[in-house]
Trainee: 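Okay, here's the structure, questions in a sec.
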Amino acid sequence: MHDTTALLVELGSVILGLGIIGRFAGRIGLSPIPLYLLAGLAFGEGGLLPLGASEEFTAIGAEIGVILLLLLLGLEYSASELVTSLKTQYPSGAVDFLLNATPGAIAGLMLGWGPVGAVALAGVTWISSSGVIAKVMTDMGRLGNRETPVILGVLVIEDLAMAVYLPLLTAMLAGVGLAGGSIALLIALGTVGFVLYLALRHGRLISRAVSSDNPEMLLLVVLGLTVLVAGVAQQLQVSAAVGAFLVGIALSGEVAEGARKLLTPLRDLFAAVFFVFFGLSTDPAEIPPVLLPAALLAVVTVFTKIGTGWYASRRAGIGPRGRWRAGGTLVARGEFSIVIAGLAVATEPRIGPIATAYVLILVIVGPLTARWTEPVASKLQAMLAGKGKTPGDKGGKGGNAVQAPAGEEPMPSLEDLTPEHAGRDAD
C-alpha cells in the first residue's frame, strides 16, 4: 500500500476509534483518558496491531496536544488571579508538594532509579489532573460549592510550580549538571516573572494586538504565536508546555474567551492523540510486573491528596463535609503525570509502564473518591459519635441522627447520606 494511503487509513482509523471510545466513556460516566491509554497499549509496540505508517504524525500530534493542553489551561486564569492564588494558597501548595511528591521520590529511590528517576516519579505523583477534576466538578454540579475556589487554588499553584519543575527536570534529564540546572531554573523563573509582569501591566495591549473579529485570523494568530513561543521555550530548556501555559496567561478578556472556543476542539483532538501516543510507546507486557508498586503508590497518594484538600479547606474556614469533598476531588492524576513521564522515559524507560499503570488507576479512582469520600467519612463520623451515646440518647429519624455541638451544623442521618446530599451547602 502507498505510504500516503496507509497513513490516511491508519490515521482515520485512530481518530474514529478515539471518537467511539470518547462516546463510550461519556455513557458510563468515566474520563476517556484511561481508555485512550489502553487503546495506545493495544496498538503500540507489543500490542495487538502495531501502527507503523502514522507513527511520525502521531508523535508530532502528541507534541501539539501537550502545547494545546497547557495553552487552554493558561487561558482559564488571568495574571491577577494567579498572583492572588500565590499569596493566599502558598502554604497549601507547600503541604501539597510535601505530602504528594515525597511518596514518588521515595518509591523512585527504592526502585533503584537514582536521583533523576526519583525527581521524575515525584512529579508524577504530585500533580493532580486539572482536566479530569474540572470535568468531575462540572458533572457533579459542584462549581458553586464553597470548597471549589480552594480546589482551583491548589491546582493553580501546581500549574505554576510546573513552570519551575519542568525546566529543572529537563536539565537533569539532559545531564547538564548543577550549574546548568541552576541556569535553566533562573531562566524559567525569569521568563515566568517577565510574562506575569507583561500580563499584569500590559495584558490589554497584548490582547488587543492579537485580537481579531475574524475567527479564522484569531485562530491562526493565537495558535501560531503559541507554537512559536513553545519552540523558543524548548530551545531555552524552559519546556514547550510551560511556554504555551505562559501565552495563555498573557491573553485575557474577549481574546481569551474567543480563543478558548476556537481551540477547545483542537485541544481535545490532539490531547487524545497525546494519550494514545504515550500508550503506543509503552510495551503492554511491561505493565503487569509494575501493577503492585503502582497500586501501592496509588493507595498512599489517594490519602495524601485527601489530606491536602482537607488542610487547604480547613485554612479557608470550610466545614468538615466540604473538606472531605475537596480532598476526594483532588485525587485524580492525568495529563501532567503523563507529560512528566513522557519527558523522563528516554532517560529512565522504566518510568513509562509504572506511570501508565499509576495514572490508569487514579484516573478511574479519582471520580469515585470525589463522589464518595465525603459520604463515607460522614457515615464513619456518625457511627463513631453514636457509640458514645447512652441507650436513651437518640436523635430523630430512626435514631441515626447525630446531635451537633453548639454552633455547628448538625450531622445528617445515615439515610440522608448520599453522594450529592450536601451539594451546595454552607460547608
Side-chain angles (χ1 to χ4, degrees), residues 1-72 129-132 134-136 138-139 223 262-288 290-291 294 332-339 341-342 345 352-368:
M1 188 183 292
H2 193 274
D3 288 345
T4 304
T5 305
L7 170 63
L8 293 175
V9 170
E10 281 193 4
L11 192 58
S13 300
V14 168
I15 295 174
L16 177 61
L18 292 178
I20 295 172
I21 288 172
R23 291 184 67 177
F24 174 73
R27 291 284 181 87
I28 62 176
L30 182 69
S31 166
I33 292 175
L35 300 184
Y36 293 155
L37 290 172
L38 289 174
L41 289 171
F43 295 99
E45 179 184 352
L48 300 175
L49 183 64
L51 301 178
S54 59
E55 184 177 357
E56 185 175 350
F57 181 90
T58 306
I60 297 172
E63 290 286 340
I64 296 173
V66 174
I67 289 171
L68 290 176
L69 274 170
L70 274 294
L71 170 64
L72 269 292
S129 171
S130 300
V132 174
K135 188 174 189 308
V136 167
T138 301
D139 292 345
L223 184 58
L262 292 170
L263 290 168
T264 296
L266 278 179
R267 184 223 28 210
D268 294 341
L269 169 62
F270 285 103
V273 171
F274 165 70
F275 291 117
V276 169
F277 177 74
F278 188 82
L280 289 172
S281 61
T282 304
D283 188 345
E286 297 176 351
I287 297 292
V290 300
L291 272 179
R333 308 313 199 270
E335 59 273 12
F336 257 132
S337 297
I338 298 298
V339 169
V345 74
I354 198 167
T356 301
Y358 177 79
V359 170
L360 278 171
I361 293 169
L362 287 187
V363 84
I364 294 172
V365 170
L368 299 178

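All residue numbers in this chain count up from 1 along the given sequence.
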Trainee: Tabulate below the donor-acceptor pairs under 3.5 Å that side-chain atoms of residues 19-29 make, not counting sequence neighbours, or state none.
Mentor:
none

Trainee: Could you measure the distance from the CG atom of Leu71 to the CG atom of Leu223? Nearest 0.5 Å is fine.
Mentor: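 Spacing of CG (Leu71) from CG (Leu223) equals 8.0 Å.
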
Trainee: Looking at every heavy atom in both Phe270 and Gly61, which two are closest together, and how far apart are they?
Mentor: CD2-O, 3.5 Å

Trainee: If you look only at distance, which donor and acceptor atoms sit under 3.5 Å apart when one is on a side chain in residues 354-362 and the other is two or more places apart or in another chain?
Mentor:
residue	atom	partner	partner atom	Å
Thr356	OG1	Gly352	O	2.8
Tyr358	OH	Thr301	OG1	2.8
Tyr358	OH	Arg333	NH2	3.4

Trainee: Identify, with sequence neighbours excluded, every residue that meets side chain to side chain donor-acceptor pair (under 3.5 Å) alongside Ser337.
Mentor: none

Trainee: Supply the atom-to-atom distance Asp268 CG to Leu72 CG, rounded to the nearest 0.5 angstrom.
Mentor: 8.0 Å

Trainee: Measure the CD1-CG distance between Ile64 and Leu269 for me, rounded to the nearest 0.5 Å.
Mentor: 9.5 Å

Trainee: Give the C-alpha distance, both sets of side-chain angles, the deciding distance and a yes or no for side-chain contact (heavy atoms from CB on, under 4.5 Å) between Leu263 and Leu266.
Mentor: CA-CA 5 Å; Leu263 290 168; Leu266 278 179; 4.0 Å; yes

